[in-house]
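Notes to accompany the following structure.
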Amino acid sequence: MNVMYFAWVRERIGVPSEDVQTTAATVADLVEELRNRENRYAAAFADVSALRVALDQELSDFDAPLAGVREVAFFPPMTGG
Amino acid sequence: MTVRVQQCSFDAGAELNAFSQGDGVGAVVSFTGLVRDLDGRLHQMEIEHYSGMTEHAIKGIVAQAQSRWALDDILVIHRYGVLPVGAPIMMVATKSAHRADAFAAADFLMDYLKSRAPFWKKETTADGSTWVAAKDDDEAALERW
């Protein structure tokens, strides 16, 4: 699936998006998998309460299942307006 | 309904005049957000957005406003990219027969655009660049709706 990062999450991980092959069942499982990869992921996902997630461009939550999802995006709380 | 997500600047006055045309319009409320100087320290503001999601998310917020209030039309313009001090960032305008609906819908739209539209602001000063943090108040503001 395509995994995207925005704002400081993108800066900490170092890429705006990447293809991730995973069998993670939920967003939380995917986060755990990424955290164990490298320090830059561990740094970005140190506190998931500071993060939001969108699945296929709709806001979702960390308990949500990933079955059938093509695009996951992680970002800090939005600051529009 | 008009939703525009764009890099280029816009003329809020001209937009408002064009939006206000038409017979039977009783009330127009508008809000324009500008890049605020930080006591002369701000060099620029950069706005990042999630291009695949932004317009869709804003249209969802606009649809909620249309279902809650009696509105003739809604305009939302939101910019992204590098913006200098004083530049317009975004604009919301609502049109209705009566002011109460126009005011309430504009207020609702602003609260939701702040916390539910995928934009992130970064401020650059002489000290460097920092991402603007969302405030607890922003999230709390949604609960009043």
Side-chain angles (χ1 to χ4, degrees), chain A residues 1-20 22 26-28 30-31 34 39-81, chain B residues 3 5 31-36 45-62 76-80 83 88-92 106-123 128-142:
Chain A
M1 65 180 67
N2 186 35
V3 180
M4 305 183 76
Y5 312 106
F6 291 93
W8 58 256
V9 184
R10 170 178 55 73
E11 289 179 341
R12 281 187 201 175
I13 291 174
V15 292
S17 68
E18 60 188 332
D19 186 50
V20 174
T22 180
T26 66
V27 175
L30 173 63
V31 167
L34 291 171
N39 282 343
R40 59 196 171 107
Y41 292 96
F45 291 110
D47 176 14
V48 290
S49 72
L51 294 179
R52 301 288 179 267
V53 62
L55 301 182
D56 289 333
Q57 306 175 353
E58 297 278 356
L59 279 176
S60 188
D61 55 64
F62 287 82
D63 297 330
L66 288 177
V69 171
R70 284 165 301 167
E71 185 169 290
V72 180
F74 294 103
F75 41 80
M78 294 159 270
T79 53
Chain B
V3 172
V5 180
F31 172 87
T32 307
L34 308 170
V35 178
R36 186 164 44 98
M45 173 178 278
E46 186 168 356
I47 299 176
E48 181 171 326
H49 78 124
Y50 181 176
S51 62
M53 176 178 170
T54 313
E55 195 169 315
H56 166 70
I58 295 175
K59 284 181 175 167
I61 295 167
V62 167
V76 177
I77 303 171
H78 205 302
R79 295 178 66 192
Y80 59 91
L83 279 62
I89 301 171
M90 56 85 63
M91 175 177 185
V92 159
D107 206 10
F108 168 90
L109 286 164
M110 284 311 307
D111 279 346
Y112 270 80
L113 289 169
K114 201 156 197 68
S115 305
R116 292 290 182 272
F119 292 98
W120 299 275
K121 295 191 182 110
K122 189 183 203 180
E123 292 172 339
S129 296
T130 49
W131 291 99
V132 174
K135 299 184 188 74
D136 291 342
D137 290 356
D138 297 341
E139 198 60 31
L142 302 185

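Predicted model only: the values in this text are computed from it and were never measured. In what follows, chains carry the letters A, B, and so on, assigned in the order in which the sequence lines appear, proteins first and then strands, with residues in each chain numbered from 1. Values below: all heavy atoms of this structure, side chains included; hydrogens, waters and symmetry mates excluded.
Contact annotation for B:Ala57: neither backbone nor side-chain heavy atoms come within less than 4.5 Å of a heavy atom of chain A. In this structure, chain B has no heavy atom under 4.5 Å from any part of A:Ala50.
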Short of 3.5 Å, which donor-acceptor contacts do chain A and chain B share? List atoms and distances.
unit_1: A:Ala7; atom_1: N; unit_2: B:Glu48; atom_2: OE2; d: 2.9
unit_1: A:Arg10; atom_1: NE; unit_2: B:Glu48; atom_2: OE1; d: 3.4
unit_1: A:Arg10; atom_1: NE; unit_2: B:Glu48; atom_2: OE2; d: 3.1
unit_1: A:Arg10; atom_1: NH2; unit_2: B:Glu48; atom_2: OE1; d: 2.4
unit_1: A:Glu11; atom_1: OE1; unit_2: B:Trp131; atom_2: NE1; d: 2.8
unit_1: A:Glu11; atom_1: OE2; unit_2: B:Lys122; atom_2: NZ; d: 2.5
unit_1: A:Glu58; atom_1: OE2; unit_2: B:His56; atom_2: NE2; d: 2.7
unit_1: A:Glu71; atom_1: OE2; unit_2: B:Tyr50; atom_2: OH; d: 2.5
unit_1: A:Pro76; atom_1: O; unit_2: B:Trp120; atom_2: NE1; d: 2.8
unit_1: A:Thr79; atom_1: N; unit_2: B:Phe119; atom_2: O; d: 2.8
unit_1: A:Thr79; atom_1: O; unit_2: B:Lys121; atom_2: NZ; d: 3.3
unit_1: A:Thr79; atom_1: OG1; unit_2: B:Lys121; atom_2: N; d: 2.9
unit_1: A:Gly80; atom_1: N; unit_2: B:Lys114; atom_2: O; d: 3.0
unit_1: A:Gly80; atom_1: O; unit_2: B:Lys121; atom_2: NZ; d: 3.1
unit_1: A:Gly81; atom_1: N; unit_2: B:His78; atom_2: NE2; d: 3.0
unit_1: A:Gly81; atom_1: O; unit_2: B:Lys121; atom_2: NZ; d: 2.8

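When all heavy atoms of B:Ala134 and A:Met78 are compared, the pair lying nearest together is CB-O, 4.0 Å.
Interface summary for chain A: among B:Gly33, B:Ala117, B:Ala133, the most heavy-atom pairs under 4.5 angstrom belong to B:Ala117.
Distance CZ/A:Phe75 to CE/B:Met53: 5.0 Å, rounded to 0.5 Å.
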